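Just so it is clear, the values below take in all heavy atoms, side chains as well, and ignore hydrogens, waters and symmetry mates. Treat the numbers as computed from the prediction; the structure is a model and nothing was measured. Counting convention: from 1, in listed order, for ligands and their atoms alike.
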Amino acid sequence: MRIDILTIFPEMFTGPFDHSIVKRAKSKGLAEIVIHNIRDYANNKHKNVDDYGFGGDAGMVMMIQPIADLIEKLQSERTYDEVIFMTPDGILFEQSIANQLSLKGNIILLCGHYKGIDERIREHLITMELSIGDYVLSGGELAAAVVSDALIRLIPGVLNDETSALSDSFQDKLLSAPVYTRPAEYKGWKVPDVLLSGNDKAIRQWQMDQAVDRTKKRRPGLLES
Ligand code: ADE
């Protein structure tokens with residue numbers, strides 16, 4: 001999978017993709033993340049990427065030209081399955097969308113800023129709009145990093161144990177059961193007996209009961225859907 005991220009703050013991506021699972025996915029050649037600086041495509045003297053909005057509203061709006069030129073350049077080089085704009089008024093990003101997108105070959109993630117981007121970009125160039133939650137971030141960069149991370153760990157071969165992505169919270173609309181490791185007792189805090197019993201069937205049943213119980217208590221809406 002190739003993810004092209006379009007941003008005016010490319011430095012924001014130097015950290016998130018250089019560690020852990022995403023780093024491994026890149027070094028195994030299973031994921032490629034390419035960061036593009038929108039400003040490099042501005043064809044005006046001062047390399048401006050934003051301008052005052054029509055209609056007198058306070059706030060700057062990201063201009064069409066640099067973004068359109070960049071998207072069109074990328075699309076002339078390869079086919080993209082989706083051109084995604086990160087925005088709080090997009091559809092809510094959740095595990096089922098991550099699953100679908102992780103099967104795609106090439107996607108573009110466009111990060112917005114200021115008051116927004118010229119609506120004509122959304123009308124003509126964007127195929128999907130994603131929000132990572134009902135709150136407003138200063139820009140789409142952190143949201144794009146969240147989405148990229150959630151997709152990349154689902155690509156077959158990225159996780160060592162493929163079943164571990166399947167048993168994640170949300171994968172079956174249930175939160176995960178609690179997990180424990182050694183020691184079996186710490187200052188009187190004990191691991192549940194069943195996990196030490198060696199009885200595989202009882203352990204699976206306990207994990208399922210815990211998952212359902214947690215989901216009922218913490219996120220009952222997941223069970224209803
Ligand atoms: N840009 C600003 N806020 C955002 C959000 N909640 N989700 C996606 N992109 C955003």
Side-chain angles (χ1 to χ4, degrees), residues 1-18 21-22 31 33-42 48-55 57-68 70-71 74 80-104 106-155 168-171 173 175 218-219 221-222 225:
M1 166 176 237
R2 173 176 165 133
I3 303 178
D4 289 88
I5 300 181
L6 283 40
T7 173
I8 53 168
F9 293 120
E11 315 78 35
M12 283 184 77
F13 293 96
T14 43
F17 301 136
D18 296 334
I21 290 165
V22 177
I33 302 177
V34 187
I35 312 293
H36 304 270
N37 190 345
I38 294 170
R39 201 173 294 282
D40 292 342
Y41 292 81
N48 287 334
V49 290
D50 60 312
D51 205 340
Y52 295 100
F54 282 124
D57 261 3
M60 304 297 275
V61 176
M62 287 176 74
M63 291 160 22
I64 302 185
Q65 177 273 318
I67 294 172
L70 174 49
I71 292 177
L74 291 172
Y80 286 89
D81 300 289
E82 299 285 356
V83 181
I84 302 171
F85 176 46
M86 304 309 307
T87 171
D89 50 19
I91 55 169
L92 200 57
F93 183 63
E94 52 169 52
Q95 193 63 44
S96 60
I97 299 174
N99 293 346
Q100 287 165 30
L101 288 177
S102 72
L103 303 173
K104 306 286 187 192
N106 303 315
I107 62 169
I108 289 174
L109 300 180
L110 170 63
C111 309
H113 263 273
Y114 313 116
K115 226 178 168 274
I117 62 172
D118 191 303
E119 186 67 17
R120 291 165 289 181
I121 296 170
R122 300 169 78 162
E123 282 169 11
H124 298 286
L125 298 171
I126 296 298
T127 61
M128 182 185 234
E129 301 192 336
L130 288 181
S131 162
I132 62 159
D134 288 338
Y135 39 80
V136 180
L137 303 166
S138 344
E141 282 74 12
L142 293 174
V146 166
V147 168
S148 302
D149 186 291
L151 300 191
I152 286 169
R153 60 193 300 288
L154 293 171
I155 298 170
D168 283 342
S169 277
F170 301 113
Q171 219 27 290
K173 295 260 174 194
L175 302 184
R218 298 179 184 201
R219 297 290 304 276
L222 289 177
S225 66

Check the pair Tyr41 / His36 against ring-ring contact (aromatic ring centres under 6.0 Å, His included), numbers first and verdict last. CA-CA 9 Å; Tyr41 292 81; His36 304 270; 7.1 Å; no

Taking any residue with a non-hydrogen atom under 4.0 angstrom from an atom of ligand 1, which ones do you get? Met86, Thr87, Pro88, Leu130, Ser131, Ile132, Gly133, Tyr135, Val136, Leu137, Gly139, Gly140, Ala143

Got Asp89 and Arg122 here, is their nearest side-chain heavy-atom distance under 4.5 Å? yes

Taking atom types as modelled and ignoring hydrogens, do the side chains of Glu141 and Thr7 form a donor-acceptor contact shorter than 3.5 angstrom? yes

Any sub-3.5 Å donor-acceptor pair from Asp50's side-chain atoms to Val61's backbone N or O? no

Heavy-atom closest contact (Ile117 atom, Gly112 atom, distance): CG2-CA, 4.2 Å

Shortest non-hydrogen pair, Phe93 vs Leu151, comes out as CZ-CD2, 4.3 Å

